[in-house]
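Taking it in order: structure first as structure tokens, then the write-up.
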Amino acid sequence: MKTVCLHPGQIHASHQRAGTQLIAIDGALRLTYRDPSLDWLMDLSPRVRVDLDTGDVHVCSCNAWVEVEVVGETTTMGLLAKRGVMDRSIEKLTAWLKEKSRSAFAKA
């Protein structure tokens with residue numbers, strides 16, 4: 001998990017993948033992002049706004065640029081990224097290669 005400490009007036013903007021959890025660890029946050037399925041509307045696409053209090057979690061339903069701002073005093077936010085399909089595929093390939101190399105050495 002990655003943690004970010006924000007102060008009043010600061011905005012943390014980053015690209016988040018679908019399934020990423022944004023957690024308000026200490027303080028209140030406001031998340032703002034656009035649903036990319038409505039990109040064809042250009043600047044007219046509605047923004048999604050979500051307010052989180054301490055302990056609340058929001059799961060991103062789509063890949064989007066998410067802006068996080070503080071509501072009130074200093075806030076700590078946690079980002080828990082969902083592991084991607086590519087990450088799991090690489091782990092499986094690495095495990096398979098290790099097993100094959102072990103069996104090749106065992107035969108020799």
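Note that these values count all heavy atoms, side chains included, but never hydrogens, waters or copies made by symmetry.
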Checklist entry - Checking side chain to side chain contact (heavy atoms under 4.5 Å, CB included) for the pair Leu22/Leu29: CA distance, chi angles, key distance, verdict? => result CA-CA 10 Å; Leu22 294 111; Leu29 300 172; over 6 Å; no
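Qualifying salt bridge (Lys or Arg N to Asp or Glu O under 4.0 Å) partners for Asp53, counting only residues two or more places apart in sequence or in other chains: none. When the side chain to side chain donor-acceptor pair (under 3.5 Å) test is applied to Asp56, no partner is found at least two apart in sequence or on another chain.
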Side-chain atoms of residues 58-70: list all donor-acceptor pairs with protein atoms under 3.5 Å, sequence neighbours left out, distances to 0.1 Å.
from	atom 1	to	atom 2	distance (Å)
His58	NE2	Tyr33	OH	3.0
Asn63	OD1	Ala18	N	2.6

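When atom types are taken as modelled, the side chain of Thr54 and the backbone of Gly27 share a donor-acceptor pair closer than 3.5 angstrom.
In this structure, Arg47 CZ and Leu31 CG are separated by 12.5 Å, a value rounded to the nearest 0.5 Å. Rounded to the nearest 0.5 angstrom, His12 NE2 and Gln10 CD are separated by 10.5 Å.
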